[in-house]
2 protein chains.
Amino acid sequence: MASSTKAVGATLRDIAKEVGISVSAVSMALRDHPRIGPETKSRVMTVAEQLGYVPNSAGRALRARKADAVALIVPNTSQHVFGHTYFMHVLTGVTAVANDNDAQVMISTNPDESHGMAAYERVMRSGRVDGAIVTSAAVTDNNVERLVRSGLPLVLLGNFPYLPNSISVGIDDRAAAFEATSHLIEVHQRRALVHISGPLDHQSAIDRRDGFFDAIQTHDVTGHLLLGDYSEESGARAVEDVTDIDGVFAANDEMAFGAMTRLRERELTVPAEISIIGFDDFGLSRVTTPSITTMHVPAERMARLATERLFDLVSGVAVTQADAHVTLPVNLVTRGSCGC
Amino acid sequence: MASSTKAVGATLRDIAKEVGISVSAVSMALRDHPRIGPETKSRVMTVAEQLGYVPNSAGRALRARKADAVALIVPNTSQHVFGHTYFMHVLTGVTAVANDNDAQVMISTNPDESHGMAAYERVMRSGRVDGAIVTSAAVTDNNVERLVRSGLPLVLLGNFPYLPNSISVGIDDRAAAFEATSHLIEVHQRRALVHISGPLDHQSAIDRRDGFFDAIQTHDVTGHLLLGDYSEESGARAVEDVTDIDGVFAANDEMAFGAMTRLRERELTVPAEISIIGFDDFGLSRVTTPSITTMHVPAERMARLATERLFDLVSGVAVTQADAHVTLPVNLVTRGSCGC
DNA sequence: ACTAGATGCTCAAACGTTAGAGCAATGATC
DNA sequence: GATCATTGCTCTAACGTTTGAGCATCTAGT
């Protein structure tokens, strides 16, 4: 005998029967409608409590055309691209704000590569959620554009300059990269730099690379590009054969760590001979030896803001062009790997 | 002008009107019912495609009494207790299996301390999800017991010996701790050990402590208990004033790292003078210097298994007493911190 | 030609909730 | 004592989907 404890509990009708009034009266009583007598209200409350009544959200959603839930969409591509930790910070922020708004959070990862964003659009159109947060996807991913155009409440996490009509929350990657690189040059007198980039079909990787070269040009030092993919392994590989450098700026901490490890295997000392700076500060950079100087990205705060904006959107608050794109400040966290 | 693109799309009725048949016929056509003509079916498909029809899940859930979604419940207490990384592994496993079952995943964190498990029970009873995975909660948290007793489909992640009627997926923490401790004694000849425990209102912390003392007794060496709370800081604090030891077994990697860092600040060398072993292997232990020998916990696989069992439960597959509690094997990953 | 069965659809009802219209009482006002 | 507002509830319909029963129409078998 496997089953069927009628797990789903009491309904309004059960309460109505018990109290001896109509279903609508019960509904109104529970919502504290002024036209229901105090006597009745308290009886309804009592019985509801006894029966362990919990409103059925399908019924409610159907009637109200509102799900009281938001989706956190994670393009599968970025699941590889971003480390686990980034996502945790995002999740923490999203759930916190969702809780404040009495809403649930759905995690929407891609079932398989071929479906692309279609799966997400289905989730959104199904009425299961009222809106969604999309974490940075590849610039080549035109599904994001489709989602934006669909007009469903949507907030993007990251920068999408090619989607001006979207709502987004991000940081100024280019300026941040400029600052990090300048730190190597100005504070540590480094003159022969390399940048280990992320995958260049991601906006963050593009911007960080551009910021690096901005700094190279501004300070008139030498700088070269090494291609990475945000993975530790790619950071290590990038510096495999590199010679005559005294500074590395990696587009994230994983690659900085990979590079640092490999350089030390090659008997090059960090930070004595080579200064290294990473990006993100999602956890890794603090625990390595030496610890990694990095550009701190306030991921949780970005997520909170994005989610707050999403709830604004859902409740119909107008968003002006001016505040469609929010940029949060970042700050350089100096640690051992640069020589500070 | 803020709003109202009638974001929620076409319904069965729209298709019915367009094709010129009844709503039920459309529904049947879309579900490929044999009693609907091929001609009609293809017309329905075409129009559905054109209109971008997506079934409304509230309507469906209401009718089918099934949400096609599962919840991942994270007691807020354990959000502090477990590092971010553990949760990521779990989430990866859960979403993968949920995707395979065409189900969505809801993240349910606790809105505030006072509500306790009531919030989760609400989520489950609301019909929003068909079942839930609960990650290890404190043994003192009787809300878990309530949830188990409620009879709703539920799989616990971790060990709950005091809830024999539950379904759970875990590891043998005690045996694993015994093995880790024995490694310090047998392989590295350590004779004066300490155990930095997790918070002892968590079953995993209790079992790991017990396994430690099992090994101490079996091998007849000295062993002392230092209380921690699974945080890096607590690991550091634990070994602040400790003297005359040559081995540390920490109940997780964060504490092992904290302890290692503090011991080295105290000019004690790891692993030359003191061997350290941690627990979990969720990421941290691999990247420190020295890297930390640890007991690898297959969190993602546990999560997958738990979720698969949950879907069994939801679909009414009977679970016998014999396979109610699954225990997965763990393995010691030897790294630098023990001297290997 | 008449019945039996297959085929292709329509109809009604149900899932649980809620908002608005409606309808009896009661109490107040002139 | 008729009028009117207030109070406290009931009734109806609707959200979108699905399913079993029902009802024509056509085909095949006698």
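By convention in this document, chain letters (A, B, ...) are assigned in the order of the sequence lines, proteins followed by strands, and residues within each chain are numbered from 1. Note that the structure is a prediction, hence the values are computed from the model and not measured.
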### Task
Taking the side chain as every heavy atom from C-beta outward, state whether A:Arg309 and A:Val326 have any atom pair closer than 4.5 Å.
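Sidechains of A:Val326 and A:Arg309: in contact.
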### Query
Is there side-chain contact between B:Asp68 and B:Asp102, with at least one heavy-atom pair below 4.5 Å?
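No; the side chains remain at least 4.5 Å from each other.
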Ignoring hydrogens and geometry, is there a side-chain-to-backbone donor-acceptor pair from [X] to [Y] under 3.5 Å?
| X | Y | result |
| --- | --- | --- |
| A:Ser57 | B:Ser126 | yes |
| B:Asp201 | B:Ala138 | no |
| A:Arg128 | A:Met106 | no |

Just N and O in the side chain of [X]: are any of them under 4.0 Å from OP1 or OP2 of [N]?
| X | N | result |
| --- | --- | --- |
| A:Arg13 | C:dG16 | yes |
| B:Arg63 | D:dG16 | no |
| A:Arg31 | C:dA19 | yes |

### Query
Which residues pass the ring-ring contact (aromatic ring centres under 6.0 Å, His included) test with B:His325, sequence neighbours left out?
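Counting only residues at least two positions away or on another chain, B:His325 forms no ring-ring contact (aromatic ring centres under 6.0 Å, His included).
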Quickly work out the [X] [atom1] to [N] [atom2] distance and round it to whole Å.
| X | N | atom1 | atom2 | value |
| --- | --- | --- | --- | --- |
| B:Arg65 | D:dG16 | CZ | C1' | 16 Å |
| B:Ile15 | D:dT18 | CD1 | P | 11 Å |
| B:Arg128 | C:dT17 | CZ | C1' | 14 Å |
| B:Asn56 | D:dT17 | CG | P | 6 Å |
| B:Leu51 | D:dG16 | CG | P | 14 Å |
| B:Asp68 | D:dG16 | CG | C1' | 15 Å |
| A:Leu12 | D:dC11 | CG | P | 16 Å |

#### Entry: Any side-chain donor near an acceptor of the partner, A:Asn99 and B:Thr109, under 3.5 Å
yes
### Query
DNA chain C: stems of at least 3 consecutive Watson-Crick or G-U pairs, cut-off 3.5 Å?
C:1-30 with D:1-30
Give me the distances for all protein-to-nucleotides 8-12 of chain C N/O pairs that come in under 3.5 Å?
residue	atom	partner	partner atom	Å
C:dG8	N7	B:Arg35	NE	3.1
C:dG8	N7	B:Arg35	NH2	3.4
C:dG8	O6	B:Arg35	NH2	2.8
C:dC9	OP1	B:Thr40	OG1	2.2
C:dC9	OP2	B:Gly37	N	2.5
C:dC9	OP2	B:Thr40	OG1	3.1
C:dT10	OP1	B:Ser22	N	3.1
C:dT10	OP2	B:Ser22	N	2.7
C:dT10	OP2	B:Ser22	OG	2.6
C:dC11	N4	B:Ser24	OG	2.8
C:dA12	N6	B:Ser24	OG	3.4

